[in-house]
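Only one structure is covered here, and it is reproduced in the block below.
Numbering of residues begins at 1 and proceeds along the displayed sequence.
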Amino acid sequence: MSAAMLRCALIGNPNCGKTALFNQLTGSRQKVANYAGVTVERKEGQLRLPDGRHAVLLDLPGAYSLTPASLDEAIARDVCRGFYPGEPIPDLLVCVVSATNLRLHLRFALEVRQLGRPMVVALNQMDAADKRGIEIDIDALSRELGVPVIPTVAVKSGGGDKLLARIAEATPIAVDAAALDDDGLHEEARRLMDVAVRMPERISRLDQRFDGWLLNPVLGLVILAVVMFAMFQAVYAWAEPLKDGIDAGMKWLGVQAGAHMADGPLKSLVVDGIIAGTGSVLVFLPQILILFLFILSLEESGYLPRAAFLLDRLMHRAGLSGRSFIPLLSSFACAVPGIMATRSIQDPRDRLATILVAPLMTCSARLPVYTLLIGAFIPHRKVGGVFNMQGLVLFALYAAGIASALLVAWVMKRWRRDNHDHMLLLELPSYRVPTLRDLAIGLWERAMIFLKRVGGIILAMTILLWFLLTFPGAPAGATGPAIDYSFAGRIGHVMATIFAPVGFNWEISIALIPGMAAREVIVSSLATVYAVAAQNDEASMQALSPLIAHQWSLATALSLLVWFIYAPQCISTLATIRRETRSWKQTVVAAGYLFAMAYAASFVTYQVAKALGAG
């Protein structure tokens, strides 16, 4: 890379669209690593300027202030000042501010200006501001700030072209600004708003009216509970027709493939392994997308930060903070990004507590397991003439995970004797109606991630398990099922002695092993186990749900459901805990306490259910 190449750095508050702008400007020309010695991501890309030159663009961690309260903010400040080891000082700072929340973001831009570095302000999300009727006099704002202000729309093609053209011009000179304290920065931001911004009164009135209801300490919690309850009910009620269609399609594909293949190991691999295994997981895609539809809608509407604010007092009593809410909610999708999102938590003890309880949130990978077992063992009927019983059970499983996380955090708080106060500072954006385009893009991305898991990890684990279940074959004169003589059969029977007290048979025990790669793999693993174990082709093509309903007791099914609330069955999650905490001790603690809780809870569930006649 040429030493003379222009170096630019994007800096801004979280939620300003900075990363979207970075993706818009750099495209696929990106490199992601970590800053030396820390776990904070370092994203760098190349710009192609209108005059044909190239420039380097660095996406700095989001920061609310240059007086750091977190590692992310400290790195952003030090890189801008040229104090971070191994990081050249940027030639140009591009401070990204949201046109929809200028009062907060202008305060940060003023703080960045005080660094005395060459600077441009990217006024992002201008399309959203226009839709809300927010009028911004860009020329006046640029004049009062003393730096160029460039409008951008990071989510639209060409939305960063004006910024690229401005970067291609001669590097702006540094602006000397009088040092202001925090009160002075807020006062100056208010002055700039009065000079250059006109906010429609109706937006402010609507926000206040909604906040009066949604942030009420009693009614707000009731509304939040209703929203969460409706989300889990919808996961079942809306997904059934789509699930039935996918299930029918996969069965048809299996029959067609089997009809055109000769009997033998290859047919068994394709029909019983690949099609039956991946199909048994693919059928849950509609439910996962419905779950994400709710989460994305709540995020786009501006409700999630308010839910975090609303829950701050409750979570503080449990040893967490309201800022833990968003990472924990993200963990309902996957614990890995949820754990990584804890970087925004300033207090190191709060951050560690959130990391350790994040795996207790019911991630989407558990949903196929829950759906399989609930569909097989819980009656599909109405409760009170309104509620779906299966949806109630699913809600109870999610609630159990949340309650357990709060309990563990409370124990950790008492263990470390932490009685100090925590201050919560959150940005509360204006309410907005989620756009269909943004929701569609978000759902498409989640669907692709899920399908890649089906086509990658799950398919690989299914084929591996099929091999272990098929070889070696039964010896001559064998009287038992061939699967008993396979590698998997032998391993499963050994594991079954360990899990017998919790009601797991050898089929469940062997399926837990590939489930370490991804929790949802247990469904395809069970499908593969029972398909290979069947004595004829007709039996091997039976649906998995009625098969386990016939062979398992209700006590076993309930025990397995409870097991998956707690079990640390995801290597990726444990690896992320190790990376974020930089401690094998904390990783072992997380795996150990989760396994202990899973085994103890499953043991109690199985023994009690068995005693009540469900065995």
Under 3.5 Å: donor-acceptor pair, side chain of Gln24, backbone of Lys156: yes
Lys162 vs Pro151 side-chain heavy atoms within contact, under 4.5 Å: yes
Within-4.5 Å side-chain heavy-atom neighbours: Arg117 and Leu92: no
Taking every non-hydrogen atom, the tightest pair across Leu66 and Arg77: O-CD, 3.2 Å
What donor-acceptor contacts under 3.5 angstrom involve side-chain atoms of residues 119-129, with partners at least two apart or in another chain?
from	atom 1	to	atom 2	distance (Å)
Asn124	OD1	Thr152	OG1	3.0
Asn124	OD1	Ala154	N	3.2
Asn124	ND2	Cys16	O	3.0
Asn124	ND2	Gly17	O	3.4
Gln125	OE1	Ser98	OG	2.4

Set of residues satisfying salt bridge (Lys or Arg N to Asp or Glu O under 4.0 Å) with respect to Asp181, sequence neighbours excluded: none
From CA spacing to verdict: side-chain contact (heavy atoms from CB on, under 4.5 Å), Leu298, Val227: CA-CA 10 Å; Leu298 293 175; Val227 170; 4.0 Å; yes
Pairwise side-chain contact, Val94 with Ile11, heavy-atom cut-off 4.5 Å (strictly under): no
Identified side-chain contact (heavy atoms from CB on, under 4.5 Å) counterpart of Leu6 within the set Leu57, Ile167, Val56, Leu47: Ile167
Thr19: side chain to side chain donor-acceptor pair (under 3.5 Å) partners, not counting sequence neighbours: Asp59
For the student: nearest non-hydrogen atoms of Leu58 and Lys43, plus distance: CD1-O, 3.3 Å
Sequence-distant partners of Ser65, side chain to side chain donor-acceptor pair (under 3.5 Å), two or more places apart: Glu111
Any donor-acceptor pair under 3.5 Å from Thr26 side chain to Phe22 backbone: yes
Side-chain touch Arg48/Leu164, heavy atoms, less than 4.5 angstrom: no
Value rounded to 0.5 Å, distance of CG in Leu320 from CG in Leu406: 6.5 Å
Distance, nearest 0.5 Å, that separates OG1 of Thr587 from CZ of Arg578: 6.5 Å
Leu93 CG to Arg113 CZ distance, which is reported to the nearest 0.5 Å: 13.5 Å
Arg351 side, atom CZ; Ile339 side, atom CD1 - distance, nearest 0.5 Å: 10.0 Å
Residue pair Leu356, Met412: steps toward the side-chain contact (heavy atoms from CB on, under 4.5 Å) verdict: CA-CA 10 Å; Leu356 293 180; Met412 291 176 60; 3.5 Å; yes
Test side-chain contact (heavy atoms from CB on, under 4.5 Å) applied to Leu110 and Leu192, step by step: CA-CA 10 Å; Leu110 290 167; Leu192 292 173; 4.0 Å; yes
Heavy-atom side-chain proximity of Asp211 to Arg306 below 4.5 angstrom: yes
Nearest atoms (heavy-atom pairs only) where Pro217 meets Leu310: CA-CD1, 4.3 Å
Distance, nearest 0.5 Å, that separates CD of Glu144 from CZ of Arg191: 4.5 Å
Separation between OH of Tyr64 and CD of Glu73, rounded to the nearest 0.5 Å: 8.5 Å
Electrostatic pair Arg42:Glu87 at N-O distance under 4.0 angstrom: yes
Test item: Val97 and Phe108 side chains (from C-beta on) under 4.5 Å apart, heavy atoms: no
Over 12 non-hydrogen atoms of neighbours within 6.0 angstrom of OH in Tyr593: yes
Counterpart residues, side-chain contact (heavy atoms from CB on, under 4.5 Å), relative to Leu224 (two or more places apart): Met228, Tyr303, Ala307, Leu311
Glu44 vs Arg7, salt bridge (Lys or Arg N to Asp or Glu O under 4.0 Å): CA-CA, chis, key distance, verdict: CA-CA 10 Å; Glu44 181 180 282; Arg7 298 186 63 85; 3.5 Å; yes
Leu115 versus Cys80, closest heavy-atom pair with distance: CD1-CB, 3.6 Å
Check: Leu21 and Leu163 side chains under 4.5 Å, non-hydrogen atoms: yes
Shortest non-hydrogen contact between Gln586 and Ser583, atoms and distance: N-OG, 3.1 Å
Residue pairs involving residues 219-230 (criterion side-chain hydrogen bond (donor to acceptor under 3.5 Å, both in side chains); sequence neighbours excluded): none
Worked verdict on Arg198 versus Asp137 for salt bridge (Lys or Arg N to Asp or Glu O under 4.0 Å): CA-CA 9 Å; Arg198 182 178 178 182; Asp137 187 336; over 6 Å; no
Atom of Thr342, atom of Pro327 and distance for their closest heavy-atom approach: CG2-CB, 3.9 Å
side-chain contact (heavy atoms from CB on, under 4.5 Å) evaluation trace for Asn101 with Leu104: CA-CA 6 Å; Asn101 198 8; Leu104 176 65; 4.1 Å; yes
Contact check, side chains of Leu439 and Ser297, non-hydrogen atoms, under 4.5 Å: yes
